[in-house]
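All figures in this text were calculated on a predicted structure; none of them were measured in a lab. These values consider heavy atoms only, across backbone and side chains, with no hydrogens, waters or symmetry-generated copies. In this chain, numbering begins with 1 at the start of the sequence shown.
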Amino acid sequence: MENSKLQELFNELSIEEKIGQLFQATGAVYEEEAVISGPVKELGINERDIYLAGSVLGTMGAKKTKQIQKKYMEKHPHHIPLLFMLDIINGYKTVYQIPLGQGAAFEPELARKCASMAAREAAADGLHVTFSPMADLVRDARWGRVMEATGEDVYLNSVYARAMVEGYQGEDLSDKETLAACVKHFAGYGAAEAGRDYNTVELSERTLRDFYLPAYESGIQAGAELVMTSFNTIDGIPATINKKLMRDVLRKEMGFDGVLISDFGAIGETIIHGVSEDRADAARRALEAGVDIDMMSGVYPQTLCQLLDEKKIELERIEECAWRVLKLKNKLGLFENPYKGVDEGVAEEQILCQEHKELAETMATKSFVLLENKNNILPLSKGKKVLFAGPYVNRQEMLGAWSFTGDISDTITIQQAAEKKMKNYEVCFCQGCPILPKEMKLDGFVNYKEEEFTEKEIEKMLTEAESKAEQADVVVLALGEHFLQSGEATSRAMIEIPENQMKLLERIEKINPNIVVVLFNGRPLDIRKIKQRAKAILEVWMPGTMGGNAIVDMLVGNNAPSGKLPMSFPYCVGQIPVHYDELNTGRVHVPGRDKDRYVSKYLDIENKPLYAFGYGLTYTDFHISEPVLNKNTMRKGEKIVASVKVKNCGERSGAETIQLYIHDVAASVARPKKQLKGFQKIELQPQEEQEVSFAISEEMLRFTREDGVFASEEGEFEVFIGNSSEEERKTKFVLKDA
Ligand code: GLC
């Protein structure tokens, strides 16, 4: 509808109705049989609040959303449609690779296509908004939510945030097959101290601005319609009520004029943080900070009228929030068609269609990272006797922690894929061990149970695996975290694979050293013991509905690995946080000179991570030449072209991700040893050679200077071009202002 018409409608709303737009309830309360009970009743929410609320969290299904929308609009005094919002993080029904794995593909375009696919399926099933992309920069593998991020790098996260927003929102939000995107969690949530979820965040303003904010800003510049606040404090103030962060940085500096929604209950939690005195104070502070929607703390519907009466808040603040919510509904076209894209027939057609399954399989294939491949044991030679053992051999739960919208029963397992695809091999299968040791309970995941086994049954599994391993040429061990060991509220202080799985690996290794580990995980793990025992390690993250197909095709060489790590794998948990773009310090440890005592290093472990950011092997070998520049001086407004020659020196075709890193040698503040500024993924046939060039611009060299201005500074810059952040060959140029 025209803005003028929307304004007319807005002016007719009562204050109570405007306040209603600022509250989000869970969908359950709208269901036919729903009674106001449980968390909603505890929030002091009544029937009227429910029927004035502006949006719903957690309901899906074409039939159900239509039913709720119809009933809700009949009851609403001005028949304003509801917004339906949900966490669609890595797919709706066709579940694809988790975001950390998507980052490993170094193919943001693929992530865009996947997001677009998720929007098609979810919009047909009645959804309007997804709480994605999560643009939090992550450096701490103890934090379970790293699985929802695309890694430790500012530039990589920024290009992915943009791609996902574009994928969800398409060209026109009123189009039936789109979802409004919500960039989260603003801001700095991934920096929770000690990797403990919801914990305090302690960042200098410069670190926040130069490392943590850019990816959120990239999603906002891509047009994200919503931003979600984060649970943590920034500078000691809960982000959700942090006026400087939300009004000055998000709204003014970044120019965000969309809907700011709190995280679940986050407004109310500012009382527990020890800042808001009570629920009314929390509501006042959140409103002052410009939070438009209160997700399930209930303080807005419960206290805003009273705060108005007491003149503790201005009506203008409420109206600006309500207006933004109505604008979003209007952009989605909900006033013309409250049912937007809801269509059971389309949902039936789109959901898990062949095209979608193929895209999910491609996303998985491109995301896998080959970490080890001793004696080129992979790809598996035809005719081999291959034992598949381990809890993930015939397990469908490989969709990740945020895939409750998907049906596990749709997943293709490794065994199912191998039985179909490995006719030229002698294959056999066994579980080998349960996914978790008996004593490890996933507390809080009340509706999730793993099959229990007796000690005798477990020992029988192990001995069956041993006897089969004796007959095999190669043993593929499918091991890893339980999918609920990463995601929200899953911080871990020890980050190895479950010990009962390690026992299986150790027992198999004594019998057959030709071990290939396929690793399932939502975070970097401490895999030193696996590295010592396995000939090959293929990192597959949580690959989604088509995971089994993608894995087997890679093991037999139908596809070659091309992923690169988006996040460092620490040598051990004691090394965390470890990230490639660290500062030099004044006492650099020079690899190999371990006798130097007074340098920044450990006495008991190596300084570098077990596997570095940007690292990943392929089934062939690439030679990359030294970097060459077209000139060595850059003046403002000019660009420098940096090039390398890349040759596929092997017998198989393959893809390599050529990465451009830049180091600002001397600046008014210490700058990272190197920072990713570009990457190109290229496919080369055997013996084929290609030149890869990058245009280096002055904008790439900007940072928050000592004076707080975001700009570049004259001086010397080093340029690295290679296939991982460990590249040390470099060349130099000088930036001159004049
Ligand atoms: C959760 C998460 C957030 C999610 C929201 C709604 O607590 O922090 O990422 O979008 O609640 O489910």
Side-chain angles (χ1 to χ4, degrees), residues 372 377 380 384-398 408 411 413-419 422 425-443 445 448-486 490 492-522 525-538 540 542 547-548 551-552 555:
E372 293 291 343
I377 189 170
L380 300 171
K384 289 281 185 193
K385 291 181 194 160
V386 182
L387 165 64
F388 286 87
Y392 270 101
V393 164
N394 205 25
R395 181 177 175 85
Q396 293 185 299
E397 288 84 347
M398 56 170 103
I408 284 174
T411 308
T413 69
I414 291 176
Q415 179 164 344
Q416 289 164 340
E419 284 167 343
M422 294 180 71
Y425 299 78
E426 263 188 68
V427 291
C428 63
F429 309 90
C430 67
Q431 184 174 345
C433 70
I435 183 89
L436 293 172
K438 278 170 78 80
E439 61 280 5
M440 188 184 281
K441 298 287 173 239
L442 292 166
D443 298 338
F445 295 97
Y448 193 83
K449 286 275 171 288
E450 280 298 331
E451 192 182 348
E452 305 241 339
F453 300 93
T454 65
E455 285 307 322
K456 201 157 162 266
E457 287 166 330
I458 290 171
E459 186 51 31
K460 187 163 174 291
M461 282 184 193
L462 283 165
T463 48
E464 180 196 6
E466 287 174 319
S467 66
K468 287 187 172 175
E470 257 173 326
Q471 312 305 320
D473 297 319
V474 182
V475 180
V476 176
L477 282 179
L479 309 171
E481 280 189 317
H482 188 289
F483 81 97
L484 291 176
Q485 283 185 292
S486 58
T490 62
R492 295 176 63 196
M494 264 79 87
I495 54 171
E496 295 184 293
I497 63 171
E499 61 194 278
N500 65 316
Q501 295 186 36
M502 188 56 77
K503 188 175 164 190
L504 171 66
L505 171 56
E506 286 159 356
R507 291 208 11 197
I508 295 288
E509 192 218 4
K510 289 194 177 76
I511 293 164
N512 189 330
N514 297 321
I515 293 172
V516 171
V517 166
V518 177
L519 188 64
F520 292 78
N521 42 311
L525 296 174
D526 173 352
I527 56 173
R528 277 172 296 151
K529 293 176 191 161
I530 295 179
K531 178 175 179 177
Q532 286 157 6
R533 291 170 174 77
K535 290 266 189 316
I537 303 173
L538 183 65
V540 299
M542 289 287 164
I551 291 165
V552 170
L555 292 175

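With values rounded to the nearest 0.5 angstrom, E372 atom CD is found 12.0 Å from I377 atom CD1. Atoms CG and NZ, from L442 and K449 in turn, are 9.0 Å apart once rounded to the nearest 0.5 Å. Rounding to the nearest 0.5 Å places NZ of K531 at 11.0 Å from CZ of R528. Remark: I508 CD1 to E470 CD distance equals 9.5 Å, nearest 0.5 Å. The distance from atom CD of Q485 to atom CZ of R492, rounded to the nearest 0.5 Å, is 4.5 Å. Once rounded to the nearest 0.5 Å, the distance linking CZ of R533 with CG of L477 reads 12.0 Å.
Proximity of a side-chain donor or acceptor of K468 to a complementary backbone N or O of F429 within less than 3.5 Å is detected. In this structure a side-chain-to-backbone donor-acceptor pair under 3.5 Å is missing from N500 to C433. Side chain of E481 to backbone of F483: no donor-acceptor contact under 3.5 angstrom is found. A distance-only check finds no donor-acceptor pair linking the side chain of D473 to the backbone of K384 [under 3.5 Å]. In this structure, D526 contributes its side chain and I495 its backbone to no donor-acceptor pair below 3.5 Å.
Side chains of P434 and P391 form no contact here, defined as non-hydrogen atoms less than 4.5 Å apart. Residues L462 and L504 have side chains in contact (heavy-atom distance under 4.5 Å, counting atoms from C-beta outward). Using a 4.5 Å heavy-atom cutoff, the side chains of I530 and E496 are not in contact. L505 places none of its side-chain heavy atoms less than 4.5 Å from the side chain of Q532. Between F520 and M542 the shortest side-chain heavy-atom distance falls below 4.5 Å. The shortest side-chain heavy-atom distance between E455 and K438 falls under the 4.5 Å cut-off. Contact annotation: the side chain of Q396 approaches that of T413 to within less than 4.5 Å [non-hydrogen atoms, C-beta and beyond]. The shortest side-chain heavy-atom distance between E450 and H482 falls under the 4.5 Å cut-off.
In terms of heavy atoms, E397 sits closest to Y392 at O-CE2, 3.5 Å. Closest approach of I435 and Q501 over heavy atoms only: O-NE2, 2.8 Å. Scanning all heavy atoms of the two residues, the minimum distance from V517 to A534 falls at CG2-CB, 3.8 Å. T411 and Q416 get closest at one heavy-atom pair: O-OE1, 3.5 Å. E457 and E452 make their closest contact through OE1-O, 4.4 Å (heavy atoms, listed as atom of the first residue, atom of the second, distance). Taking both residues in full, the closest heavy atoms of V552 and A417 are given as CG2-CB, 3.7 Å, listed atom of the first, atom of the second, then distance.
Between R395 and E451 there is no salt bridge, since no side-chain nitrogen of the basic residue lies less than 4.0 Å from a carboxylate oxygen of the acidic one. By the 4.0 Å N-to-carboxylate-O rule, K529 lies too far from E499 to be salt-bridged with it.
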| request: Walk me through it: do V516 and V386 pass the test side chain to side chain contact (heavy atoms under 4.5 Å, CB included)? | output: CA-CA 10 Å; V516 171; V386 182; over 6 Å; no
| said: Apply side chain to side chain contact (heavy atoms under 4.5 Å, CB included) to residues T463 and R507 and explain how you reach the verdict. | reply: CA-CA 9 Å; T463 48; R507 291 208 11 197; 4.0 Å; yes
| request: Run the numbers on M398 and V540 for side chain to side chain contact (heavy atoms under 4.5 Å, CB included), then give the verdict. | output: CA-CA 10 Å; M398 56 170 103; V540 299; over 6 Å; no
| task | Show your reasoning for whether side chain to side chain contact (heavy atoms under 4.5 Å, CB included) applies to S486 and N521. | result | CA-CA 8 Å; S486 58; N521 42 311; over 6 Å; no
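Among N394, I551, L555, the one residue that satisfies the side chain to side chain contact (heavy atoms under 4.5 Å, CB included) test with I414 is I551.
More than 12 heavy-atom neighbours from other residues, nucleotides or ligands sit within 6.0 angstrom of NZ on K535.
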